[in-house]
Protein chains: 2
Amino acid sequence: MIKQRGQVVVDKILDTAERLFFEQGYNITGINQVIEEADIAKASLYKHFGSKTDLLVAYLQRIHERWFDKLEADVDKVADPKEKLLTLFDYHRERQLQNGFGGCRFIKANDEAGMSDERVLAEIQKAKQHLRDYISMLVVNSGHQKLLTDKELTELIFMMLDGGIVAASVFKQADDLQSAKSIIQKLI
Amino acid sequence: MIKQRGQVVVDKILDTAERLFFEQGYNITGINQVIEEADIAKASLYKHFGSKTDLLVAYLQRIHERWFDKLEADVDKVADPKEKLLTLFDYHRERQLQNGFGGCRFIKANDEAGMSDERVLAEIQKAKQHLRDYISMLVVNSGHQKLLTDKELTELIFMMLDGGIVAASVFKQADDLQSAKSIIQKLI
DNA sequence: CATTAAATATACAGATCTGTCTATTTAATG
DNA sequence: CATTAAATAGACAGATCTGTATATTTAATG
């Protein structure tokens, strides 16, 4: 599959937006900086994305897809169904170590623009709900000790992942995600 | 205690900043909007706060103090030491219901300005660590069943509170904080 | 080779941003 | 009442913001 001419430009825009929106934040990243660092023309950006908000929505869709594919790939490598649950924490932890404890991009986007645009909020909700459903499936298949119900364990893991990422982003270390993993290990 | 003339102005500035930084976010709230809605002069703002960042730091100190005082007051009303732990979730839940699921102001500030200014990050860390230490004290005195160690239970509650607030802010409902309370209830 | 669509460079509008400055008015105190 | 400090209104600088428009160049296709 050969890339179309437009696809190269779109990719350059999204690559740059992905980096800047995460490192700096959405609101303080200007369109002018995006086009300069992406090395494309402003008219090209507005041809492919009608507005800065549209770019944010496309950014969220893109990171949702890519982030989730990698998560599933990591979980698929593990055979033991309980270990699959623990892999969730490893994945989140490694991501935070890699990206310098920048936190969760969906939470960041929600804090910056979630209240102002319903399409943005919808994409964030979609991504978070997708993760919760995925956790639920893993929990049901995990054969855990039923100290908690399936629903409770799902909620617990879901909230500890977000709580652990927030702690990593605030304290600039990933110890909390490690603790979270140990705690879940005890409870399954 | 009679208020000094300057105190009135400072209070009006901080009241307005507190509202706008939370409702709109720090980055998209302009100084001009603050002075207009606070109904004070720009020179007054820059007399009391050297820069917009200084105002953010003062805002964080203020909400840390006030938020924590109310939390302690709520916990103090409860006699049972295990129930005190559960009150943490009630408090967080009620706050989210009151403020329209706006999430945590410290996490918001961290996402918007934590990476760019070390004083801001320090205030956020101070507030979060304060909460963690407080939870730890309550856990030690709770007489819980020791299914988890004191340290683990502290971490668990700490992360579930943040995770629950994030979920409330994303999904615009507080069910997750209710679930979190039920789960902790089972584990203590 | 001619046509067509995409991407480019660049200027521009109109608004907004933080922060500084001057000059004036207000209010508290000796 | 006179003095002094605080608060005010408002202009201003210099930069940046999103989004539009124009005119030119590039590259793919029939």
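Numbered from 1 within each chain, the chains take letters A, B, ... in sequence-line order.
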Let me see the working for A/M159 and B/M159 under side-chain contact (heavy atoms from CB on, under 4.5 Å), right down to the final yes or no. CA-CA 7 Å; A/M159 280 188 261; B/M159 279 188 263; over 6 Å; no
When the distance from OH of B/Y46 to P of C/dG19 is rounded to whole Å, what number comes out? 4 Å
What's the CD1-P distance between A/I31 and D/dT20, to the nearest Å? 11 Å
What would the secondary structure line of DNA chain C be in dot-bracket form, counting Watson-Crick and G-U wobble pairs under 3.5 Å, with [ ] for pairs that cross earlier ones and | for pairs with another strand? ||||||||||||||||||||||||||||||
Using a strict cut-off of less than 4.0 Å between a Lys/Arg side-chain nitrogen and an Asp/Glu carboxylate oxygen, indicate whether A/R105 and A/E18 qualify as a salt bridge. yes
Distance test, side-chain N/O of A/H48 to OP1/OP2 of C/dA7, below 4.0 Å: yes
Of all pairs that satisfy salt bridge (Lys or Arg N to Asp or Glu O under 4.0 Å), the ones with a partner from residues 127-146 of chain A, not counting sequence neighbours: A/K128-A/D162, A/R132-A/E155, A/R132-B/D176, A/K146-A/D150
By salt bridge (charged side-chain N to carboxylate O under 4.0 Å, His left out), which residues pair with [X], not counting sequence neighbours?
| X | value |
| --- | --- |
| A/K126 | A/E123 |
| A/D117 | A/R119 |
| A/K186 | B/E152 |

Starting from the 5' end of DNA chain D, give me the residue, B/K47 or A/Q33, whose nearest nucleotide shows up first. B/K47
Carefully, step by step, assess B/L121 and A/K172 under the rule side-chain contact (heavy atoms from CB on, under 4.5 Å). CA-CA 10 Å; B/L121 180 60; A/K172 306 303 175 196; 4.0 Å; yes
Partner set under ring pair (Phe, Tyr, Trp, His ring centres under 6.0 Å) for B/Y26, not counting sequence neighbours: B/F21
Taking ring pair (Phe, Tyr, Trp, His ring centres under 6.0 Å) as the definition, give me every residue that meets it alongside B/F158, ordered by chain and number, with sequence neighbours left out. none
Counting primed atoms, P, OP1 and OP2 as sugar-phosphate and everything else as base, the B/S/- map of nucleotides 10-15 of chain C against protein heavy atoms under 4.0 Å is ------
Assert yes or no for the condition that the ring centre distance of B/W67 to B/H130 is strictly below 6.0 Å. no
Go through residues 12-20 of chain A and report each residue with a non-hydrogen atom lying under 4.0 Å from DNA chain D, sorted by number. none
Within residues 50-57 of chain A, residues whose heavy atoms come under 4.0 Å of DNA chain D: A/S51, A/K52
Side chains of A/F106 and A/I165: does their closest heavy-atom pair fall under 4.5 Å? no
By the 4.0 Å heavy-atom rule, please label B/D39 as base, sugar-phosphate, or nothing. sugar-phosphate
Counting only pairs under 3.5 Å, give me each side-chain donor-acceptor contact of residues 30-40 of chain A, with atom names and distances, residues two or more places apart or in other chains.
{"from": "A/N32", "atom 1": "OD1", "to": "A/K42", "atom 2": "NZ", "distance (Å)": "2.9"}
{"from": "A/Q33", "atom 1": "NE2", "to": "A/E37", "atom 2": "OE2", "distance (Å)": "3.1"}
{"from": "A/E37", "atom 1": "OE1", "to": "A/R19", "atom 2": "NH1", "distance (Å)": "3.1"}
{"from": "A/E37", "atom 1": "OE1", "to": "A/R19", "atom 2": "NH2", "distance (Å)": "2.7"}

Considering only Ile, Leu, Val, Met, Phe, Trp and Tyr, and joining two whenever side-chain heavy atoms are under 4.5 Å apart, list the other residues clustered with B/L97. B/F101
Among D/dA7, C/dT20, C/dA7, which nucleotide sits nearest the side chain of A/S44? C/dA7
